[in-house]
Amino acid sequence: MYAKVVVDVPNVETDKPYDYRIPEDLRLFVEMGSRVSVPFGGRLIQGFVIAISEMTELDKVRDIESVLDLTPPLTDELVHLGSRLSEEYICRQYQVLQAMLPAALRSNYGKELSLTPTGREQILLDNQEQKVMSYLERGSVDFNQLCKQFPEQLPFIRHALKQGWVEAVQKIKNRITRKMISYIRCCLTPEEAEEALRTLVKKAEKQRLVLNYLLSLDHPVALREILSTLKVTYSTVKALEQKKWVEIEEVEERRDPYAGRSFVNAKPIAFTTEQKEVIDEIVVSLQVNQFTSYLLHGVTGSGKTEVYLESIAKCLDQDREAIVLVPEISLTPQMVERFKGRFGNQVAVLHSRLSHGERYDEWRMIREGKVKVVVGARSAVFAPFSQLGLIIIDEEHEGSYKQEESPRYHARDVAIARAKNHHAVTLFGSATPSLESYYQCSKGKMKLLRMQYRVANRPLPPVHVVDMREELREGNRTMFSRPLAEAIRDRLQNKEQMVIFLNRRGFSTFVMCRSCGNSLQCPHCDISLTYHRSNQTVRCHYCGFTEQVAEQCPSCGSTHIRYFGTGTQKVEEELSRHFPGIRVIRMDVDTTTQKGSHEKLLSEFRSGGGDVLLGTQMIAKGLDFPNVTLVGVIAADTILGMPDFRAAERTFQLLTQVGGRAGRHQLPGEVVIQTYNPEHYSIEFAKTHDYTGFFAMEAKHRFEKDYPPFYRLILFTFSSPNVPLIVKLADEWNRKLQILLPSSIYMLGPVASPIPRIKDRYRFQCMLKYRNEKQVLPIVKKMADAFSSRHKKDDILLTVDVDPQILM
Ligand code: ADP
Ligand code: ZN
Ligand code: ZN
């Protein structure tokens, strides 16, 4: 038997499967989707088995050295998907397969086997088999060690794994994967115990205490409970163990990141007419078992999440599984609660704030079929389910669904590919769908579902746009326009809450010299440094360069240094200055670095611990606070000025989303947007909540300029410390591609990137625009491969981004 293996060598020439022989003793364990260790060059490296065959065309093949998984972590479907994605996104197959796994599985520290409760109950085993099981009964055993111990019993071990009598768990660096808790059990009969207590010397007071405690409870007690309740030390327990009066057992505790929280079981609600229509439509598609993709365009507060929940319930009824993707930042406990409340422990949750161990545990539940629903951020789209029925992407317009490092996949495309494999349904939802998806509907490739009204006919909040130029002209130099200031005062008086939104941390807080106009730049990245008031430093958000604030301009020596723009800290200070006594809860990257701090701030706000929730993107979506009646946007212009063809779309989306936070409950809401560009169409349409109007206008611009969704883009970025080399190679690249590709396809550039230098590497980019012509990707892939192998020795890097979301 032979295996085709894609190996972990970061080199384009090696990005094809290699044949290896599967040695006799591994035959039972090597399957499609297994990770294996194979000899390559002079060393052992990791690889994925992507096919198994009975023959090879090669004369000489080497043996697989060992297998890293006892059950393959990847399903056949995911393996196939991997090769497809590597072509579509022009990246190595190994990288894609790796990206599908939790980080804990990206390294290899061996496997541990242990008995499961069903394993303990097995009695119909022969002698040899019994020996294996008894060996495992003593505790978990390293897989290789077990194989050495029982070389004849490999088939049985395999069988036991398949039957679920034994489970294999990946070890993680520096600690075991599973969290073990020590339990203390008394192993004396009541008579023996009495005897023991009598023989204990007088001064062994503590040991007596422990023993009595155990006897009084009559069940094993966690070690930590004993230590804390009885105020004894570990040596006391150890002494009892040495006398063989107690035993210390290690018991696995599943690391449940939501442990200790109770989820109210959600009651079914009466759906609105719109919800009912949408659900009925989805249910029919689920029942006919045919791939269908839907775009649910529902205004904020129209009850989309309830539609998701009901569709999932219907999907589970069919014994199929569901994946729900939400943007990382909206994976708040509030959101998770709605899914856990409805589906209880059938739900696994995956997000980046989990530790490697926690993520691995959740993933294992999915792979082992112990959960049916996954709620997670982007990478959860790879959840290794085998009976998928439904993939939901909430806030489908969000840029974070695109991975910004290789493999640069978009979760929407992966979802569609997977749904096709499973004859499943995809449901993308948003109040502000991406132009790409909405356009798919007009072409009939996706079905459009609409929910135009908020639940209970609550009105969408009125939006006031304030022209900040006017404010300035009339002498208002503060960051709060008069209408916003008035609205804030009003809310304070009525004891209602507000959300004040500021775009992106630090993006607009730069330091400028008023004498020479020079702004402080990062010495490595050609980007303005941002000012952090708390420790009087300026910092670069690309490379981390940090410096004390200068008192003198580095260019002209003037002392008229000024801090321009507004960061969240600045707004917080100004709020306190203008509205004495106002309680502000600030949420930005600086206040939420610690695990759990995000949630803490939100629940503080929810319980009325603040008048204002002040923050960046983070607070724009997903949040639902009954008492919020005002949403203020300090400056709508910050995104508009970005060098990106999606600037208008992003502005419209953001304004609509933040506006959606107001008036979702009984109290009516209001939105105030401050801007220097009040006549810009993205702001005008946001003001009237007019998505279709916005779409028509934006589509017109995109069409005229050959941008998506009418054209597709591939962005090539070259980076090197050597400018002449980049210019030369990028230019060559452009000309060659132009020759190889049909003339309908055109290339732009090379030009310096919007951020021309990062970490002392200069950056140039070229852009390819095409209309999805089939031959483009293979040609580009070939060229990129050739480029990388030709310039292995030069310090130049080419990144290829298919369907880029960020053009910097
Ligand atoms: P969206 O995801 O579209 O913003 P949600 O699903 O979060 O909307 O619904 C907004 C609010 O309305 C939530 O508090 C939700 O519990 C409530 N809700 C949704 N559907 C109904 C319904 N049919 N009846 C009563 N309340 C509902
Ligand atoms: Zn100066
Ligand atoms: Zn920098």
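Order of listing sets the numbers, starting from 1, for every ligand and every atom in it.
At the shortest separation from atom 14 (O) of ligand 1 among protein heavy atoms lies D624 OD2, 3.6 Å. Nearest to atom 2 (O) of ligand 1 among the protein's heavy atoms is T305 OG1, 2.9 Å. When only non-hydrogen protein atoms are considered, atom 9 (O) of ligand 1 lies nearest to G303 CA, 3.5 Å. Here the heavy atom of the protein found nearest to atom 19 (C) of ligand 1 is E306 CG, 3.3 Å. For atom 4 (O) of ligand 1, the nearest protein heavy atom (residue, atom name, distance) is G301 N, 2.9 Å. Ranking the protein heavy atoms by distance from atom 10 (C) of ligand 1 puts R664 NH2, 3.8 Å first. V455 CG1, 3.5 Å is the protein heavy atom nearest to atom 26 (N) of ligand 1. The single protein non-hydrogen atom nearest to atom 15 (C) of ligand 1 is R338 NH2, 3.8 Å, given as residue, atom name and distance.
Salt bridge present: R491 and E670 bring a charged side-chain N and a carboxylate O closer than 4.0 Å. One finds a salt bridge joining E310 and K314 here, because a Lys/Arg side-chain nitrogen approaches an Asp/Glu carboxylate oxygen to under 4.0 Å. Of the charged side-chain nitrogens involved, at least one lies within less than 4.0 Å of a carboxylate oxygen, so that R418 and E77 count as a salt-bridged pair.
A donor-acceptor pair is defined here as one N or O able to donate and one able to accept, closer than 3.5 Å; such a pair exists between the side chain of H297 and the backbone of A431.
N345 and V371 make their closest contact through O-CG1, 3.7 Å (heavy atoms, listed as atom of the first residue, atom of the second, distance).
Taking the six-membered ring for Trp and the full ring otherwise, the centers of F710 and Y439 sit less than 6.0 Å from each other. Taking the six-membered ring for Trp, F382 and Y409 have ring centres closer than 6.0 Å. In this structure, H422 has its ring center at least 6.0 angstrom away from the ring center of F385.
Checked against a 3.5 angstrom limit, the closest N/O atoms of K304 and ligand 1 fall inside it.
By the neighbour-count criterion of 12 heavy atoms within 6.0 Å, atom CD of E486 is sparsely surrounded, having that number or fewer from other residues, nucleotides or ligands.
If you look at Q275 next to ligand 1, the close heavy atoms, those under 4.0 Å, all belong to the side chain. With a 4.0 Å cut-off on non-hydrogen atoms, A270 touches ligand 1 through its backbone and not its side chain.
If you number the atoms of ligand 1 from 1 as listed, the ones under 4.0 Å from a heavy atom of I269 come out as 20 (N), 21 (C), 22 (C), 23 (N), 24 (N), 27 (C). Applying the 4.0 Å criterion to heavy atoms of F271 picks out, from ligand 1, the atoms 23 (N). Near S302, meaning under 4.0 Å from any of its heavy atoms, are these atoms of ligand 1: 3 (O), 8 (O).
Within 4.0 Å of atom 22 (C) of ligand 1, at least one protein heavy atom is present.
Distances from ligand 1 to the non-hydrogen atoms of M451 include no value under 4.0 Å.
Shown are K402, R712, K445, R646; of these, the salt bridge (charged side-chain N to carboxylate O under 4.0 Å, His left out) with E436 is made only by R646.
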